[in-house]
**Q** 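Quick one: this structure, given as structure tokens, is what I'll be asking you about.
Keep in mind that what you see is a predicted model, and the values were worked out from it rather than measured. In what follows, chains are A, B, ... by sequence order, proteins preceding strands, each numbered from 1.
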2 protein chains.
Amino acid sequence: MKYPMKLSNAMHILAFIYINPKNDLSSATIAVSVHTNPAYVRQIMADLKMAGILNNTQGHANPTFTRPADKITLLDVYRAVEGDKPLIHIDTNINPDCNVGVNIQRILQEKYQMIQKDAEESMHKVTLEQIVDEFHKCTKDQSMRWD
Amino acid sequence: MKYPMKLSNAMHILAFIYINPKNDLSSATIAVSVHTNPAYVRQIMADLKMAGILNNTQGHANPTFTRPADKITLLDVYRAVEGDKPLIHIDTNINPDCNVGVNIQRILQEKYQMIQKDAEESMHKVTLEQIVDEFHKCTKDQSMRWD
DNA sequence: AATACTTGTAAAAAATAAAATTACATGATA
DNA sequence: TATCATGTAATTTTATTTTTTACAAGTATT
């Protein structure tokens with residue numbers, strides 16, 4: 001499948017770091033878990049770094065969060081990896097000479113923006129902390145917690 | 001992949017039919033407005049027909065709605081053309097031997113389903129009638145109204 | 001200082017989902 | 001009957017994402 005999965009992979013990477021802070025956190029190790037290659041992990045980590053979520057130092061595998069995990073939301077990560085790309089797209093390639101086409105797409109865009117806003121409010125309520133908490137609950141393995 | 005645009009094109013097609021009920025509504029004519037080809041228009045109309053939104057008879061270009069336009073929502077059309085495909089996808093191709101990967105994706109899926117639900121509630125509030133009403137308002141051309 | 005790691009990044013290639021196209025069977029209408 | 005139309009399956013093309021390759025540059029250990 002080639003659906004966009006940077007969001008899911010970015011959350012995976014962040015969760016991996018949060019769950020295994022003492023482990024080897026090199027892009028190579030994380031890549032094994034995400035089932036991809038180190039360069040792609042580094043690309044996503046670069047997005048997260050650019051968005052001010054992650055700290056990392058070149059040459060040294062020691063990624064850390066810039067803020068507590070309960071302040072890192074799904075929306076933050078979505079914005080970090082997807083930027084302004086919306087969930088639903090209008091068709092910008094309609095016939096420009098058709099009054100119906102031009103205006104309907106413009107009106108649709110307004111509606112999509114409202115839907116996007118609702119989805120983003122929903123994403124804003126989900127934190128990395130919540131997700132990792134649920135992970136620990138369901139695995140019944142609190143031994144690796146470090147907080 | 002290309003961005004999915006069946007939803008926007010399906011809404012375009014429905015609006016075109018609603019705005020121009022007396023015009024030629026052949027797939028060829030609609031395709032000119034959508035800037036695509038007749039077969040693709042027919043494919044989308046087949047989805048809408050299958051979903052019980054549109055009536056059409058083979059061999060005769062006379063598409064009609066099965067119900068009033070204020071009972072046709074964006075969600076209805078989304079379901080018609082996208083089926084169960086969600087807006088956000090988990091990564092199903094993670095390393096199955098990694099406890100973190102498997103569980104994080106499972107937990108993410110639950111979160112995505114909540115976001116999907118909110119987005120769908122938002123889509124449910126938008127009707128074809130509203131969109132075409134806005135079209136008529138902004139074009140200041142009510143002369144083609146037939147209701 | 002040498003080495004063996006690492007990250008950071010760009011660029012190219014491969015994969016794949018969506019749209020576009022084609023082809024033709026079938027139905028409607030004059 | 002001729003000429004339209006729709007319905008639909010199969011194939012090709014296109015666009016986006018992921019994957020891969022490559023290498024510059026930083027870090028740590030010996």
Side-chain angles (χ1 to χ4, degrees), chain A residues 1-10 12-13 17 23-51 54-64 78 80-95, chain B residues 1-10 12-13 17 23-51 54-64 78 80-95:
Chain A
M1 285 202 303
K2 226 66 177 181
Y3 294 123
M5 264 176 298
K6 273 175 106 173
L7 176 61
S8 294
N9 293 152
H12 185 151
I13 291 167
I17 293 169
N23 284 33
D24 171 24
L25 294 177
S26 68
S27 59
T29 300
I30 297 174
V32 172
S33 174
V34 181
H35 221 250
T36 182
N37 60 82
Y40 185 56
V41 171
R42 292 200 293 273
Q43 282 167 17
I44 293 174
M45 288 176 83
D47 289 341
L48 296 171
K49 197 174 171 183
M50 180 81 76
L54 212 62
N55 284 131
N56 215 357
T57 45
Q58 185 169 359
H60 183 50
N62 189 31
T64 55
Y78 173 80
V81 299
E82 300 288 1
D84 288 337
K85 186 165 78 68
L87 292 171
I88 310 179
H89 296 259
I90 60 164
D91 189 347
T92 57
N93 191 36
I94 42 86
N95 187 339
Chain B
M1 72 172 170
K2 303 184 180 183
Y3 293 127
M5 260 172 301
K6 275 176 105 173
L7 177 61
S8 294
N9 293 152
H12 186 152
I13 291 167
I17 294 169
N23 284 31
D24 172 24
L25 294 177
S26 67
S27 58
T29 299
I30 298 174
V32 172
S33 175
V34 181
H35 220 249
T36 183
N37 60 82
Y40 183 56
V41 171
R42 293 199 293 274
Q43 283 167 16
I44 292 174
M45 289 175 83
D47 289 340
L48 295 169
K49 197 175 173 183
M50 180 80 78
L54 213 62
N55 284 131
N56 213 358
T57 45
Q58 185 169 1
H60 182 47
N62 189 32
T64 54
Y78 173 80
V81 299
E82 300 290 1
D84 288 335
K85 186 166 78 67
L87 293 171
I88 311 178
H89 296 260
I90 58 162
D91 188 348
T92 56
N93 191 34
I94 42 88
N95 186 339

**Q** For a side-chain contact (heavy atoms from CB on, under 4.5 Å) check, start with the C-alpha distance between B:Tyr78 and B:Leu87, then their side-chain angles and the critical distance, and finish with the verdict.
**A** CA-CA 11 Å; B:Tyr78 173 80; B:Leu87 293 171; 3.9 Å; yes
**Q** Using the side-chain contact (heavy atoms from CB on, under 4.5 Å) rule, take A:Leu25 and A:Met45 through it: C-alpha gap first, then chi angles, then the decisive distance, then the call.
**A** CA-CA 12 Å; A:Leu25 294 177; A:Met45 288 176 83; over 6 Å; no
**Q** Rounded to whole angstrom units, what separation is found between the CG atom of A:Asp47 and the C1' atom of C:dG8?
**A**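 From A:Asp47 CG to C:dG8 C1': 12 Å.
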**Q** Going by side-chain contact (heavy atoms from CB on, under 4.5 Å), name the residues that satisfy it together with B:Ala61, two or more places apart in sequence or in a different chain.
**A**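 By the side-chain contact (heavy atoms from CB on, under 4.5 Å) rule, B:Ala61 matches B:Ser26.
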**Q** Report yes if a side-chain nitrogen or oxygen of A:Lys6 is closer than 4.0 Å to either non-bridging phosphate oxygen (OP1 or OP2) of D:dT17; otherwise report no.
**A**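 No, A:Lys6 has no side-chain N/O under 4.0 Å of OP1/OP2 on D:dT17.
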**Q** Please report the distance, rounded to the nearest Å, between CD1 in A:Ile17 and C1' in C:dT7.
**A**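 Taking CD1 of A:Ile17 and C1' of C:dT7, I get 13 Å after rounding.
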**Q** Is there a side-chain contact (heavy atoms from CB on, under 4.5 Å) between B:Leu7 and A:Ile88 once you walk through the steps?
**A** CA-CA 9 Å; B:Leu7 177 61; A:Ile88 310 179; 3.8 Å; yes
**Q** B:Met5 near the nucleic acid: base, sugar-phosphate alone, or nothing, with a heavy-atom cut-off under 4.0 Å?
**A**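 The residue B:Met5 makes sugar-phosphate contact but no base contact.
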**Q** Distances under 3.5 Å between protein N/O atoms and the N/O atoms of nucleotides 20-24 of chain C, please, pair by pair.
**A**
{"residue": "C:dA20", "atom": "OP2", "partner": "B:Thr36", "partner atom": "OG1", "Å": "2.7"}
{"residue": "C:dT21", "atom": "OP2", "partner": "B:Asn37", "partner atom": "ND2", "Å": "3.4"}
{"residue": "C:dT21", "atom": "O4", "partner": "B:Gln43", "partner atom": "NE2", "Å": "3.0"}

**Q** Output the rounded distance in Å from CG (B:Asp24) to P (D:dA5).
**A**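 Result: 7 Å.
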**Q** What's the spacing between A:Ile17 CD1 and A:Asn23 CG if we round to 0.5 Å?
**A**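 Here the interatomic distance stands at 11.5 Å.
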**Q** Between D:dT17 and B:Tyr3, is there an OP1 or OP2 to side-chain N/O distance shorter than 4.0 Å?
**A**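 Answer yes for this pair, as a side-chain N or O of B:Tyr3 is under 4.0 Å from OP1 or OP2.
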**Q** If you round to the nearest 0.5 Å, how far is NZ of B:Lys6 from CG of B:Leu48?
**A**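 The NZ atom of B:Lys6 is 9.0 Å from CG of B:Leu48, to the nearest 0.5 Å.
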**Q** Got a second to check how far A:Asp91's CG is from B:His12's NE2, nearest 0.5 Å?
**A**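 The NE2 atom of B:His12 is 8.5 Å from CG of A:Asp91, to the nearest 0.5 Å.
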**Q** Using whole Å, report how far CE of B:Met1 lies from P of D:dT12.
**A**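 Rounded to the whole Å, the gap is 23 Å.
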**Q** What is the separation between atom CG on A:Asn56 and atom P on D:dT27, rounded to the nearest whole Å?
**A**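 Going from CG in A:Asn56 over to P in D:dT27 covers 11 Å.
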**Q** Hey, does the side chain of A:Lys49 come within less than 4.0 Å of C:dT9's phosphate (OP1/OP2), counting only N and O?
**A**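 Checking C:dT9 against A:Lys49, no side-chain N or O comes under 4.0 Å of OP1 or OP2.
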**Q** When you measure from the side chain of A:Pro4, which nucleotide among D:dT6, D:dT17, D:dT8 comes out closest?
**A**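 Nearest to the side-chain atoms of A:Pro4, counting from C-beta on, is D:dT17.
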**Q** In Å, rounded to the nearest 0.5 Å, how long is the span from CZ of A:Arg42 to CD1 of A:Ile30?
**A**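 With rounding to 0.5 Å, CZ (A:Arg42) is 11.0 Å from CD1 (A:Ile30).
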**Q** Could you tell me the separation between the CG atom of A:Leu25 and the P atom of C:dC5, rounded to a whole number of Å?
**A**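 Whole-Å distance recorded here is 18 Å.
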**Q** Quickly work out the B:Ile94 CD1 to D:dT19 P distance and round it to whole Å.
**A**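 From B:Ile94 CD1 to D:dT19 P: 13 Å.
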**Q** Could you go step by step and tell me if A:Val34 and A:Ile44 meet the side-chain contact (heavy atoms from CB on, under 4.5 Å) rule?
**A** CA-CA 12 Å; A:Val34 181; A:Ile44 293 174; over 6 Å; no
**Q** In whole angstrom, what separates B:Ile44's CD1 from D:dT8's P?
**A**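 Distance, rounded to whole Å: 15 Å.
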**Q** Please enumerate all protein N or O atoms sitting under 3.5 Å from an N or O of nucleotides 27-30 of chain C, with distances to 0.1 Å.
**A**
{"residue": "C:dG27", "atom": "N2", "partner": "B:Gly59", "partner atom": "O", "Å": "3.1"}

